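Beneath this line is the structure, given in structure tokens, with notes to follow.
Just so it is clear, the structure is predicted and the values come from calculations on it, not from any experiment. Letters A, B, ... are given to chains in the order of the sequence lines, protein chains preceding strands, and every chain is numbered from 1.
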Amino acid sequence: MNSRKQLLNHLLDIGGVGTLNNFYSPFAKTHKGGLLFTRKLFKSYAEDGLIEKIETIGKPANKAHEVFYCLTKKGADYIGRPNEYRYKKYQRSPYNIMHESMKFDVALSFLRLFPHKKFTFRYDASFYGVRPDILIRVESSNPKELTRFLLVEIERKKTIDRVFHEKIKRYEEMFQAITQKKSHNVSQFQVLVVYTDIWWDVFLRPQEYNNPSVINHIDCITGLLKNLVNHYCKFLPPDRYRFLGFHNFYRLPDVVWHTPQGNRVALLL
DNA sequence: CGAGGAAACTGCCCCACAGC
DNA sequence: GCTGTGGGGCAGTTTCCTCG
């Protein structure tokens, strides 16, 4: 598969919508370089009617960050996947741009960094009132193993106590309900909490992370994440949760995940 | 001053072709 | 037939430039 089709396949996989910034190239040295080729591709897709710009409400400050494009029916046909395409006409730009952008960053990173795995992403799943930002279905390569579900919760909050009280508590209630009603197999589920604070610029790409003030900010968020784990999460089942700083979204396979007990581990998929 | 465009550069792969 | 090599093309990038 050539990269022209590769990008469209990824776009369809992550739900059919994304920004230029989401599809940056991780291999470029500079931030600009990482967007250049993507920009070329987007332009030619748009000319060929394979993707469509979603009209924004106001005037976007930065188009690469804030203008979302969606795959068209023609685009799905072009990559030979017309029946997987669920056509949704997006009237306007996604309502919470930063949060949407983070979701697509995470979903796309799973595709890019675990290319041998088969993922299915959903953004509208709900279990006993808990709505994860992304539900990732991980197809097992081994037929004996069960399909797994990753419930990704993306949190951009000033303080960590809110992450615990507003989210993790609800997840625990959900697990209780599941156990009681025996509706799902709890061991198939893992909750991935992706955290950053509200001052973090979610549009920054890894190529921009070498700026001293950004490095400083990353340290700060890592500290907050450790506090979250140490103060609130110790008692949680060790394999049920994993915690990640959003700034590590581009290195998902690395040992960058925290267990509820505060150990750093890699994700087992 | 920053986003985006143009042009120039680079490393890699492919393939023709020569020499054995 | 096998294999080493060198040119050409191209995907992807860097650097420089323009324009609002």
Side-chain angles (χ1 to χ4, degrees), chain A residues 1-14 16-72 74-81 90 92-117 119 156 196-218 246-254:
Chain A
M1 190 188 320
N2 61 27
S3 74
R4 185 173 154 86
K5 289 196 175 175
Q6 172 81 9
L7 198 159
L8 289 175
N9 271 289
H10 280 168
L11 183 60
L12 178 54
D13 285 331
I14 67 166
V17 180
T19 63
L20 225 127
N21 199 50
N22 287 140
F23 285 90
Y24 81 104
S25 164
F27 306 108
K29 284 206 185 99
T30 64
H31 166 242
K32 281 194 64 158
L35 288 181
L36 191 85
F37 191 67
T38 309
R39 181 171 277 125
K40 273 185 203 166
L41 282 179
F42 269 51
K43 205 174 166 184
S44 97
Y45 293 150
E47 278 165 10
D48 297 347
L50 307 178
I51 62 171
E52 222 167 59
K53 181 178 159 184
I54 300 172
E55 283 308 319
T56 52
I57 299 162
K59 199 181 165 74
N62 183 316
K63 289 188 200 166
H65 293 172
E66 298 172 32
V67 177
F68 288 80
Y69 288 83
C70 71
L71 189 71
T72 61
K74 196 176 167 191
D77 289 345
Y78 175 71
I79 53 172
R81 297 170 62 183
Y90 288 84
R92 53 192 172 140
S93 162
Y95 123 95
N96 186 344
I97 287 174
M98 284 189 250
H99 197 255
E100 291 295 302
S101 174
M102 291 168 82
K103 274 160 51 177
F104 301 144
D105 277 339
V106 172
L108 184 59
S109 293
F110 270 96
L111 288 175
R112 285 178 167 180
L113 298 170
F114 301 98
H116 52 291
K117 285 282 175 184
F119 297 114
R156 227 175 121 252
T196 194
D197 68 19
I198 54 166
W199 301 282
W200 178 258
D201 178 355
V202 305
F203 301 118
L204 287 178
R205 300 295 89 180
Q207 286 91 347
E208 299 165 282
Y209 287 1
N210 52 11
N211 177 317
S213 75
V214 174
I215 293 172
N216 200 28
H217 198 168
I218 286 176
F246 174 72
H247 55 270
N248 278 325
F249 77 89
Y250 67 105
R251 27 191 293 208
L252 300 180
D254 299 354

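Base contact: Lys32(A) has a heavy atom under 4.0 Å from a base atom.
Atom P of nucleotide dT14(C) and atom CG of Leu36(A) are separated by 9 Å, given to the nearest angstrom. The distance from atom CZ of Phe42(A) to atom P of dG4(B) is 13 Å, rounded to the nearest whole Å. Distance CG (Asn62(A)) to P (dC1(B)): 17 Å, rounded to an integer number of Å. In this entry the distance linking CG of Asn21(A) with C1' of dA3(B) reads 13 Å, nearest Å. Following rounding to the nearest Å, Phe27(A) (CZ) and dA11(C) (P) show an atom-to-atom distance of 17 Å. One atom, NE2 of His31(A), and another, P of dG2(B), lie 12 Å apart when rounded to the nearest Å. Computed from coordinates, the Glu208(A) CD to dG2(B) C1' distance equals 12 Å when rounded to whole Å. Between the CD atom of Gln6(A) and the P atom of dG12(C) there is a distance of 10 Å, rounded to whole Å.
Distance from the side chain of Phe37(A) is smallest to dG12(C) among dG12(C), dG5(B), dT14(C). Listed candidates were dG4(B), dT13(C), dT14(C). Nearest to the side chain of Lys29(A) is dT14(C). Distances were taken from every side-chain heavy atom of Ala28(A) (C-beta onward) to each of dT14(C), dA3(B), dA11(C); the shortest belongs to dT14(C).
With respect to the salt-bridge test (charged N to carboxylate O, under 4.0 angstrom), the residues Arg81(A) and Asp13(A) qualify. Ion pairing of Glu100(A) with Lys103(A) is present here, as a side-chain N (NZ or NE/NH1/NH2) and a carboxylate O approach within less than 4.0 Å. A salt bridge is absent between Asp105(A) and Arg112(A); no separation between the charged side-chain nitrogens and carboxylate oxygens falls under 4.0 Å.
Proximity of Ser25(A) to the phosphate of dG12(C): no side-chain N or O atom is located under 4.0 Å from OP1 or OP2.
Of all heavy-atom pairs spanning Leu20(A) and Phe42(A), the tightest one is N-CE2, 3.9 Å.
Ring-centre distance between Trp200(A) and His217(A): below the 6.0 Å cut-off.
Looking at which nucleotide of DNA chain B each of Ala64(A) and Lys40(A) is closest to, the 5′-most match is held by Ala64(A).
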